[in-house]
2 protein chains.
Amino acid sequence: MKQIPFDALRSYCETVLQSCSVPADDAATVTDCLLYANLSGVDSHGIIRLPHYVTRLTNGSITAQPVIRYDRPRPSIMTVDGGDGLGHAITARAVQEAMPVCREQGSVTIVIGNSSHFGMAGYYLRDITAAGFVGMVTTHTDVRIVPSGARKPFAGTNPIAYGFPANGEPLVLDFATTSVSFGKIALARTEGRAIPPDWGVDVNGEPTTDPNALVGMHAIAGHKGAGLAMVIDLFCSMFTAMPYGPHITLMYEELDKPRKLGHFITMWDVGALVPIDALRARVSDYIDELHALPRTDADKPVLHPGEPEALRRAERTRDGIPLEPGLIGELTALGERLGVDTALFA
Amino acid sequence: MKQIPFDALRSYCETVLQSCSVPADDAATVTDCLLYANLSGVDSHGIIRLPHYVTRLTNGSITAQPVIRYDRPRPSIMTVDGGDGLGHAITARAVQEAMPVCREQGSVTIVIGNSSHFGMAGYYLRDITAAGFVGMVTTHTDVRIVPSGARKPFAGTNPIAYGFPANGEPLVLDFATTSVSFGKIALARTEGRAIPPDWGVDVNGEPTTDPNALVGMHAIAGHKGAGLAMVIDLFCSMFTAMPYGPHITLMYEELDKPRKLGHFITMWDVGALVPIDALRARVSDYIDELHALPRTDADKPVLHPGEPEALRRAERTRDGIPLEPGLIGELTALGERLGVDTALFA
């Protein structure tokens, strides 16, 4: 592992995206989202995805300069047509656009269509909670989850994230509905590592340790998690008229087809009901009580959702972002191909 | 098991509640909610709870004729002060009150405080989906879930339910964030049955098969489920200024204290975005595709969330509701004490 300083990696990533005709502000947003994942220790949703985005930007299945259209068919629903652009830029901008609506209406739902992979769902809750809002963020993916009783996948790893403002770091829960995130499989593929046999099944429905042979995965909590993955898929496809489950363009296998993903976000202005300072203080009290629980291991406090990631961010902001040699090689080759300075990886 | 005809059980339950000064329309709503659970096969949230409600109605910790107050601090947020009444009646009425708001605003969030146990969360999605809305319904409970790394429970079995309209029965996912619903433990207590050792732990944090010794339970999916239980608790307590987790009145142990529960419901008028008939048809297509998946057992189709319950409702509406002897004895004694006809149980 090599520690890459945050600022150098940010500059590299922004320059790569700009060299693919992504406008500077969008490049900055996408970079911020990817590196927020790396800082948080969620490397599966970090800069490891950059070469993939470059492939799609280059072949046009992601539009570098999309025409984004906003509409508000009802006072508390905002629709966004992302024009097949980068999901991160579309979503982060939509959240900003929706904030005054949330303040005015008390809550707003943002229904995004014609989008693409938007990175780590929890990222968007940083801005949402900083504004004093409570948020729920979901997206769907191409199919991975095999419902129990079936022999083929039907729902994606469909993640859902929630955030509440607190004093200091917000309480943010962000999880995939598979027992592991697909990003961890992508990481194992990049790193050439075997995976545990309980992560998923091959084309015959048999357990596999080969990340490249894996086609189906297990849901968390059996039918509950599989049901949640389906519900998330419906939120992301039914409001937006985007494809669902088996009809979603495969992220890595159908590289020339636009993803046509939907995202579904709801924000609530809790300050409409409770003074926001009191709310932040009360969520912090909640966290303090959690920390004070009797422990199975005296040295290990019980952490709140989002706390391990926040601790990791403090550490990596200070020490740099660790990247493994295979990924460094890939990013170096990418930079050289695009004429972007790669001295940071040397 | 004895099969009790639906209509006879409904009449009994309504009469019991009315004999506790519950107005006829509220008695009908609470009964409908309880028996909907029984019909659905979710017996843990059915008429088994009636003696408990009677205890609380009698001692005043649930108010039979509450003063319910509605407010709308922002266009898409409705607050409801339930006046410590029966949660089912408060919630079902709030959903009806909020429907025109949802139609007008595109979505509405209902924030309910000063309420009590509201039964099966999925019940409310019957009306929500029948109106052509998509819904999310949550409530919190007194603590049961022991977060990993802790030795004491901190979050309730906190359920969450979602519903989408379809042609025919809606797609409804309703699950507790514990690996089993606490209602199943209550049922085991009533029936005097042992429970599997992986359902929970005793006061020392050790696995137990005695439902009466159980004080802590496991979350679904480890930290993901425990996190979701906490997030649901925050939704139900932070918007409403109701107590959370360890501060919630114990349902069965603190019988003379009002529950002070919160419920958090959001409804979306998907018809604002997609013609509602097209939406229903598309959700039904989704279900058809799920049914058509290759199966591990050729005779067992993969069912959609809510489908096992819908099949059970058809069966029990026809055949009656099976009640076990211990519960029949309890309901008979209750009826005799309140002067309500118990011939249906003979």
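Order of the sequence lines sets the chain letters (A, B, ...), proteins ahead of strands, with each chain counted from 1.
Contact annotation for A:Tyr244: both backbone and side-chain heavy atoms come within less than 4.5 Å of a heavy atom of chain B. Using a 4.5 Å cut-off between heavy atoms, A:Pro294 touches chain B through backbone and side chain atoms alike. Only the side chain of A:Asp233 comes within less than 4.5 Å of a heavy atom in chain B; its backbone stays farther off. For A:Met78, no part lies near chain B; criterion is any non-hydrogen pair under 4.5 Å. Residue A:His304 does not touch chain B at all, counting heavy-atom pairs closer than 4.5 Å. Contacts of A:Val231 with chain B are made by both backbone and side-chain atoms, with heavy-atom separations under 4.5 Å. Using a 4.5 Å cut-off between heavy atoms, A:Leu293 contacts chain B through its side chain alone, with no backbone atom that close.
Residue A:Arg72 places its CZ atom among more than 12 non-hydrogen atoms of other residues, nucleotides or ligands, all under 6.0 Å distant.
Your options are B:Tyr162, B:Phe235, B:Tyr286, and the one with the most heavy-atom pairs under 4.5 Å with chain A is B:Tyr286. Between chain A and the options B:Asp297, B:Val108, B:Val134, B:Leu303, heavy-atom pairs under 4.5 Å are most frequent for B:Val134. Your options are A:Leu290, A:Val302, A:Val274, and the one with the most heavy-atom pairs under 4.5 Å with chain B is A:Leu290. Interface remark: of the candidates B:Pro246, B:Gly222, B:Ala226, B:Ala176, B:Ala176 forms the most heavy-atom pairs closer than 4.5 Å to chain A. If you tally non-hydrogen atom pairs under 4.5 Å between each of B:Lys300, B:Lys152, B:Glu289, B:Glu104 and chain A, the highest count goes to B:Glu289. Of the residues considered (B:Leu273, B:Leu171, B:Thr266, B:Ile220), B:Leu273 shows the highest number of contacts with chain A, using heavy-atom pairs under 4.5 Å. Ranked by non-hydrogen atom pairs under 4.5 Å with chain A, the options B:Pro305, B:Ser76, B:Pro301, B:Ala272 are led by B:Ser76. Ranked by heavy-atom pairs shorter than 4.5 Å toward chain B, the options A:Val111, A:Leu228, A:Thr79 are led by A:Leu228. Among the candidates A:Ser148, A:Ser237, A:Pro73, A:Ala150, the residue making the largest number of heavy-atom pairs closer than 4.5 Å to chain B is A:Ala150.
Taken from NZ in B:Lys224 to OG1 in A:Thr178, the straight-line distance is 5.5 Å, to the nearest 0.5 Å. One distance of note links CZ of B:Arg282 with CE of A:Met238; it measures 4.5 Å at 0.5 Å rounding. Interatomic distance, NE2 of A:His223 versus CG of B:Leu173, reported as 8.0 Å (0.5 Å rounding). Rounded to the nearest 0.5 Å, atoms OG1 (B:Thr109) and CG (A:Asp269) are 11.5 Å apart.
Side chain of B:Arg74 to backbone of A:Arg103: a donor-acceptor contact under 3.5 angstrom is found. The closest donor-acceptor contact from the side chain of A:Arg151 to the backbone of B:Arg295 lies under 3.5 Å.
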